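Let me begin by presenting the structure, written as structure tokens, before commenting on it.
Please read all numbers here as calculations on a predicted model, not as lab measurements.
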Amino acid sequence: MYNHKVVEKKWQRYWAAHQTFKTGNDPHKKNYYVLDMFPYPSGKGLHVGHPEGYTATDIIARMKRAQGYNVLHPMGWDAFGLPAEQYAINTGHDPASFTDKNIETFKHQIKMLGFSYDWDREVKTCDPDYYKWTQWIFEQMYKKGLAYEAEVPVNWSPDLGTVVANEEVIDGKTERGGFPVYRRPMRQWMLKITAYADRLLKDLDDLDWPEPIKEMQRNWIGRSVGAEVTFKVAGHHESFDVFTTRPDTLFGASYVVLAPEHELVSKITTSQQKEAVDAYLAKIASKSDLERTDLNKDKTGVFTGAYAINPVNDEKIPIWISDYVLASYGSGAVMAVPAHDDRDYAFAQKFDLPIKAVVEGGNLAESAYTGDGVHVNSSFLNGLNVEAAKVKMVDWLEEHHCGKKKVNYKLRDWLFSRQRYWGEPIPVIHWEDGETTLVPEDELPLRLPVTTNIKPSGTPESPLANLTDWVNVVDKNGRKGKRETNTMPQWAGSSWYYLRYIDPHNDQKLADYDLLKKWLPVDLYIGGAEHAVLHLLYARFWHKVLYDLGVVPTKEPFQKLYNQGLILKDHEKMSKSKGNVVNPDDVIDEYGADSLRAYEMFMGPLDASIDWDENGPASTKKFLDRVWRLFVNDLDLKPVPSAKVVKENDHELDKVYNQTVKKVTTDFDALHFNTAISQMMVFINAAQKAKTVPLAYAEGFCKLLAPVAPHMMEEIWQIFGHQESISYAPWPTYDPSQLVEKQVPIMVQVNGKLRGHFTAAKDETKENLQKQALAEPHVVKFLNEKTIQKVIVIPNKIVNIVAK
RNA sequence: GGCGGUGUGGCGGAAUUGGCAGACGCGUCAGACUCAAAAUCUGGUGUCCCUUGGGACGUAUCGGUUCGACCCCGAUCACCGCUACCA
């Protein structure tokens with residue numbers, strides 16, 4: 001009987017001892033880079049969701065090796081992050097050693113699954129030899145003006161006495177404790193991802209990614225084309241710009257609204273309105289994000305007392321402020337056309353502001369009309385439809401120097417600071433004379449100081465601020481300075497790790513250019529859809545920056561992307577709190593890694609979220625055991641030689657074997673593992689019923705199944721008498737001539753309903769097919785007392801007789 | 001509210017270009033082996049009607065296009081994901 005506990009250990013040891021999966025560098029072979037999203041090594045260890053994606057990439061990696069590629073298939077650790085820090089704060093331990101312990105656990109569990117990683121290339125983001133280059137990339141960005149400081153709100157939680165990261169804010173409250181979060185301005189590091197917005201958008205088109213993921217990125221970038229219109233403030237020298245996608249409705253503007261944070265607010269507010277405006281500003285400041293957005297769709301606002309002049313008709317219109325206008329988008333000011341914008345309409349209704357129709361259509365008594373129509377009350381735009389009117393208005397604005405065509409993005413610059421300990425220190429020094437300098441490149445890495453004192457500073461500053469020995473520096477001229485105490489977000493290290501795998505031990509460069517050229521872009525990248533936007537957008541951004549610097553040779557990092565689905569339990573996400581987590585260790589212990597791998601691939605399409613079936617691994621174990629019994633004699637652990645597996649081919653299995661080779665190969669390539677496995681089951685069912693199985697087919701089958709169930713297939717391969725690992729045994733090929741049918745079944749329908757069938761020679765003429773169809777006894781019965789009106793004949797497939 | 005996705009037996013799912021709906025597996029029923037059980041092997045298994053042959057219905061719902069629709073089009077419902085006043 002096959003003993004997975006013994007055999008799996010045996011081959012894992014063999015692979016390690018023989019460096020079977022060391023990345024190939026044969027110049028005569030093509031290169032293939034297949035990558036997993038590296039995990040955050042949490043204290044909980046692996047759950048059954050991890051091996052799903054990892055098995056998929058492992059199957060591809062193993063198939064590609066067998067097909068004669070050099071394969072780069074690495075694994076590493078996204079090792080900085082909040083849970084380790086939180087654990088450290090709670091226990092007084094060092095997050096570094098805690099993280100290392102977790103990595104050990106993860107690595108042990110991953111190794112039990114028999115994945116073909118090249119472990120010599122393991123990286124972890126919290127290793128100074130690694131984050132040296134994360135810091136180096138930051139410095140290049142700083143030099144290019146892509147990293148800058150700005151006064152930006154942080155998520156300040158007075159109840160916790162700390163700031164929280166965006167990812168710790170759920171629905172405007174802290175993830176832990178559910179305390180309100182307030183936006184509090186602080187000097188922070190930003191990365192100018194907006195400078196790359198257009199390229200990030202455009203280059204999506206050439207990527208082989210799931211269309212919905214590309215669409216999510218497009219939405220996130222949020223390009224919108226419109227116009228910038230300059231309004232003068234009546235009685236002031238001041239003016240301000242608004243961004244609008246509907247310049248055609250400018251004649252319908254009945255007021256303008258500034259964001260409460262807009263710099264003009266204090267300058268233009270009249271003395272009569274000052275009290276009201278100040279009160280409103282005070283109210284806004286104390287509002288949490290939640291109150292400002294989600295819960296409160298009710299518009300609020302206040303009149304400044306000032307008026308703007310509509311450049312197109314010199315009309316004086318009131319200037320209001322309201323928090324429905326976002327300071328961070330466009331110019332932080334909008335022209336309000338309540339007749340043709342839902343938000344403006346709601347605001348105008350509430351504050352009784354005029355609603356002027358300039359496009360015909362809809363019913364303004366009920367709602368704004370945002371559709372197309374003919375312009376009215378719009379001077380030179382009258383009679384035009386929306387698109388034409390937009391063009392004409394932009395021309396007019398440009399001609400009269402009071403506006404221009406403008407493209408805006410929803411994408412904001414990347415808030416790159418975290419007020420945290422456990423992250424890459426930002427390699428910057430702030431000097432007493434106000435100068436800000438980078439830590440010189442030859443002094444990198446700037447190491448994170450080892451300390452157990454990482455309690456929150458009690459202010460919106462990083463815990464590093466408390467470590468005065470580390471923070472305070474003096475240069476050779478005696479000038480005093482302080483180190484930047486913010487650290488980088490978890491996204492930093494994960495934005496370029498796929499580059500480091502290519503040349504993980506290089507201490508001169510983040511990676512050698514020629515090696516990058518050999519391996520990039522990543523041929524296949526698999527991971528969870530939760531990273532559809534942020535991680536994948538950030539990594540693309542960094543990659544493009546490095547491309548511009550001449551560090552990497554490609555515009556894009558990941559050519560083909562695929563998202564695995566979730567594994568559910570009772571139609572819910574697995575989670576510790578629900579107590580429905582399936583532990584892969586238990587499954588491996590009972591059924592073996594091969595069975596777990598096979599089940600996770602067989603349970604359904606890779607990208608679907610599917611319920612875990614308690615019986616699943618048992619069912620695939622049953623299949624694997626049948627394979628074993630078919631090929632191996634349990635008594636002497638020799639191949640089953642006697643009657644079953646033989647040198648001779650009686651051709652009984654020719655067709656199904658060739659079909660299987662073809663389907664498994666194309667299905668693997670398309671990541672359709674469930675149907676590939678089902679085809680292998682079909683082959684085994686047939687082989688079991690056959691009198692004999694040719695040895696060549698048995699061996700070919702083992703090669704097909706080896707990527708899914710590598711341990712058992714190695715064992716059978718050895719029993720078949722091979723000395724070398726099956727990993728590099730050439731991938732099977734099929735004989736297309738064996739798949740050509742000489743006889744094909746022809747279905748016969750009467751009025752679209754199946755009434756009979758017969759067998760015909762392939763490519764039989766339409767006339768003959770029709771004649772045979774009409775002669776079918778069952779068919780004839782249904783044609784009684786009916787007149788044949790038409791006969792549709794599709795050669796090799798179907799005959800449909802239309803009769804009344 | 002906006003964008004996107006998904007709905008097929010008791011369950012997970014399959015179905016090339018619009019051409020035999022339900023491959024493969026789970027579960028289940030029956031048989032073989034066994035003193036017995038497990039394991040294994042063989043066969044049945046969408047629903048309803050029916051005497052065999054077979055017939056009617058059937059891919060969320062309603063409608064359309066077509067000789068023919070799980071597949072294309074329109075509307076509706078349900079669930080999931082992302083997003084959230086982006087002017």
Side-chain angles (χ1 to χ4, degrees), chain A residues 1 210-220 222-224 226-227 242-246 249 256-257 259 292-294 296-299 322-326 328-337 340-344 346-347 408-412 529-530 532-533 563 565-566 568 571 598-599 602-605 607-616 618-620 622-623 625-626 629 666 672 674-685 688-689 745-757 777-778 781-782 789-794 796-803:
Chain A
M1 197 59 214
E211 205 48 50
I213 301 293
K214 290 204 218 178
E215 203 50 35
M216 280 163 70
Q217 292 220 345
R218 288 190 189 109
N219 290 340
W220 190 265
R223 183 177 198 265
S224 61
V242 304
F243 174 71
T244 177
T245 55
R246 293 293 304 275
T249 61
V256 295
V257 189
R292 265 188 83 155
T293 59
D294 291 40
N296 191 0
K297 292 284 181 191
D298 198 25
K299 300 268 184 294
S322 171
D323 64 358
Y324 87 88
V325 175
L326 307 174
S328 53
Y329 181 76
S331 51
V334 302
M335 65 179 217
V337 185
H340 306 293
D341 181 281
D342 294 325
R343 294 150 302 184
D344 299 341
F347 193 82
N408 247 321
Y409 298 93
K410 270 200 259 185
L411 184 69
R412 310 297 156 83
E530 65 273 22
V533 178
N563 293 114
L566 296 171
L568 309 173
H571 305 286
Y599 172 59
F602 183 63
M603 64 194 300
D607 59 355
S609 291
I610 299 171
D611 236 30
W612 180 262
D613 178 359
E614 285 301 338
N615 262 320
S619 77
T620 44
K622 206 163 121 185
F623 165 63
D625 284 343
R626 289 176 71 196
R629 282 195 307 269
T666 55
H672 295 161
N674 55 329
T675 50
I677 291 171
S678 118
Q679 180 63 39
M680 290 193 266
M681 289 171 169
V682 169
F683 176 81
I684 288 300
N685 289 346
Q688 202 153 21
K689 290 189 178 77
I746 303 292
M747 298 300 132
V748 186
Q749 297 180 335
V750 177
N751 292 331
K753 291 198 172 160
L754 187 69
R755 296 304 182 194
H757 58 89
H778 285 307
K781 268 193 253 173
F782 285 91
Q789 300 189 316
K790 198 172 172 188
V791 181
I792 289 113
V793 183
I794 308 295
N796 298 327
K797 283 195 172 151
I798 206 159
V799 179
N800 190 8
I801 301 158
V802 186

Within the structure shown, what part of the strands sits under 4.0 Å from Gln688(A) by heavy-atom distance: base, sugar-phosphate, or nothing?
sugar-phosphate
Just so I know, are the side chains of Lys410(A) and Trp220(A) near enough to count as touching, which here means a heavy-atom distance under 4.5 Å?
no
From CZ (Arg629(A)) to CG (Asp625(A)), nearest 0.5 Å:
6.0 Å
C1' atom, A78(B) versus C57(B): distance in rounded Å?
24 Å
Using the C1' atom in both, what is the distance from U76(B) to G10(B), to the nearest Å?
28 Å
Which nucleotide, C26(B), C24(B), A21(B), lies nearest any side-chain atom of Ser678(A)?
C24(B)
Does Arg755(A) have a side-chain nitrogen or oxygen under 4.0 Å from the phosphate oxygens OP1 or OP2 of A56(B)?
yes
Indicate, with a heavy-atom threshold strictly under 4.0 Å, whether Pro745(A) touches base, sugar-phosphate, or nothing.
base
Axial cation check for Phe347(A) ring with Lys299(A), 6.0 Å and 45° limits:
no
Between CD on residue Gln679(A) and CG on residue Asn674(A), distance to nearest 0.5 Å
12.5 Å
Is the distance from OP1 or OP2 of A14(B) to the nearest side-chain N or O of Asn674(A) less than 4.0 Å?
yes
At what distance, to the nearest 0.5 angstrom, does CD1 of Ile792(A) lie from NZ of Lys797(A)?
15.0 Å
Determine the Euclidean distance between corresponding P atoms of A30(B) and A39(B); express it in Å to zero decimal places.
15 Å
Among the nucleotides U40(B), C67(B), C24(B), whichever has the atom closest to the side chain of Val682(A) is C24(B)
Anti or syn, where syn is a glycosidic angle within 90° of 0; which label fits G46(B)?
anti
Between C26(B) and U34(B), how many Å separate the two C1' atoms, rounded to a whole number?
26 Å
Taking CG from Asp613(A) and P from G25(B), how many angstroms apart are they, rounded to a whole number?
14 Å
I'd like to know if Asn615(A) reaches the base of C26(B) with its side chain such that a donor and an acceptor end up less than 3.5 angstrom apart.
no
Could you tell me whether Lys410(A) contacts a base, only the sugar-phosphate backbone, or nothing, with contacts defined as non-hydrogen atoms closer than 4.0 Å?
base
How does each nucleotide of nucleotides 3-10 of chain B score, in 5' to 3' order, for protein heavy atoms under 4.0 Å: base (B), sugar-phosphate only (S), or none (-)?
SS------
Ile746(A) atom CD1 is separated from G68(B) atom P, nearest whole Å, by 20 Å
Indicate, with a heavy-atom threshold strictly under 4.0 Å, whether Ile610(A) touches base, sugar-phosphate, or nothing.
sugar-phosphate
Want to know the stems of RNA chain B: at least 3 consecutive Watson-Crick or G-U pairs with distances under 3.5 Å, which are they?
B:1-7 with B:77-83, B:10-12 with B:24-26, B:27-32 with B:40-45, B:46-49 with B:54-57, B:60-64 with B:72-76
C1' atoms of G9(B) and G53(B), separation to the nearest Å:
26 Å
Tightest non-hydrogen contact, residues Val799(A) and Ile746(A), listed as CG2-CG2, 3.9 Å
Nearest-nucleotide check on RNA chain B, Ser224(A) vs Lys753(A); residue mapping nearer the 5' end is Lys753(A)
Between Trp220(A) and Lys790(A), the residue closer to the 5' end of RNA chain B by nearest nucleotide is Lys790(A)
Separation of atom CD1 in Ile684(A) from atom C1' in C41(B), rounded to whole Å:
15 Å
Rounded to the Å, how far apart are His757(A) NE2 and A21(B) P?
11 Å
Can you measure Lys299(A) atom NZ to A87(B) atom P for me and round it to whole angstrom units?
14 Å
Measuring only the C1' atom in each nucleotide, how far is U61(B) from C50(B)? A whole number of Å is fine.
31 Å
Choose from C26(B), A87(B), C85(B) the nucleotide whose nearest atom is closest to any side-chain atom of Lys622(A).
C26(B)
Tyr599(A) and Asn615(A): side-chain donor and acceptor closer than 3.5 Å?
no
Give a yes/no answer on whether the side chain of Asn685(A) brings an N or O atom under 4.0 Å of OP1 or OP2 in G25(B).
yes
Would you indicate which nucleotide in C67(B), A84(B), A87(B) comes nearest to any side-chain atom of Asn800(A)?
C67(B)
How would you label the contact of Lys689(A) with the nucleic acid (heavy atoms, under 4.0 Å): base, sugar-phosphate, or nothing?
sugar-phosphate
Nearest-Å distance once atom C1' is located in both U59(B) and G18(B):
15 Å
Would you say C67(B) has OP1 or OP2 under 4.0 Å from some side-chain N or O of Gln789(A)?
no
Closest to the Phe602(A) side chain: C24(B), C67(B), C85(B)?
C24(B)
Nearest-0.5 Å distance, CE of residue Met335(A) to CZ of residue Phe243(A)
10.5 Å
To the nearest 0.5 Å, what is the distance between CZ (Arg246(A)) and NE2 (His340(A))?
7.0 Å
Can you tell me how far C1' of C24(B) sits from CD1 of Ile677(A), to the nearest Å?
10 Å
Using a 4.0 Å heavy-atom cut-off across all strands, classify Met747(A) as base, sugar-phosphate, or nothing.
base
Between G2(B) and G12(B), how many Å separate the two P atoms, rounded to a whole number?
30 Å
Would you say A87(B) has OP1 or OP2 under 4.0 Å from some side-chain N or O of Tyr324(A)?
no
Just label G25(B) as syn or anti from its O4'-C1'-N9-C4 or O4'-C1'-N1-C2 angle, using within 90° of 0 for syn.
anti
In whole Å, what is the span from the CD atom of Gln679(A) to the C1' atom of G25(B)?
14 Å
Donor-acceptor contact present, side-chain Asn408(A) to main-chain Ser224(A), <3.5 Å
no
Take the protein atom CG of Asp611(A) and the nucleotide atom C1' of G12(B), then report the distance between them rounded to whole Å.
9 Å
Look at the side chain of Asn563(A) and the backbone N and O of Asp607(A), then say whether any donor-acceptor pair between them is shorter than 3.5 Å.
no
Heavy-atom check, side chain of Ile798(A) versus side chain of Gln749(A), under 4.5 Å
yes
From Ile610(A) atom CD1 to Leu568(A) atom CG, the distance as rounded to the nearest 0.5 Å
8.5 Å
Does Lys797(A) make a side-chain donor-acceptor contact with the base of C20(B), cut-off 3.5 Å?
no
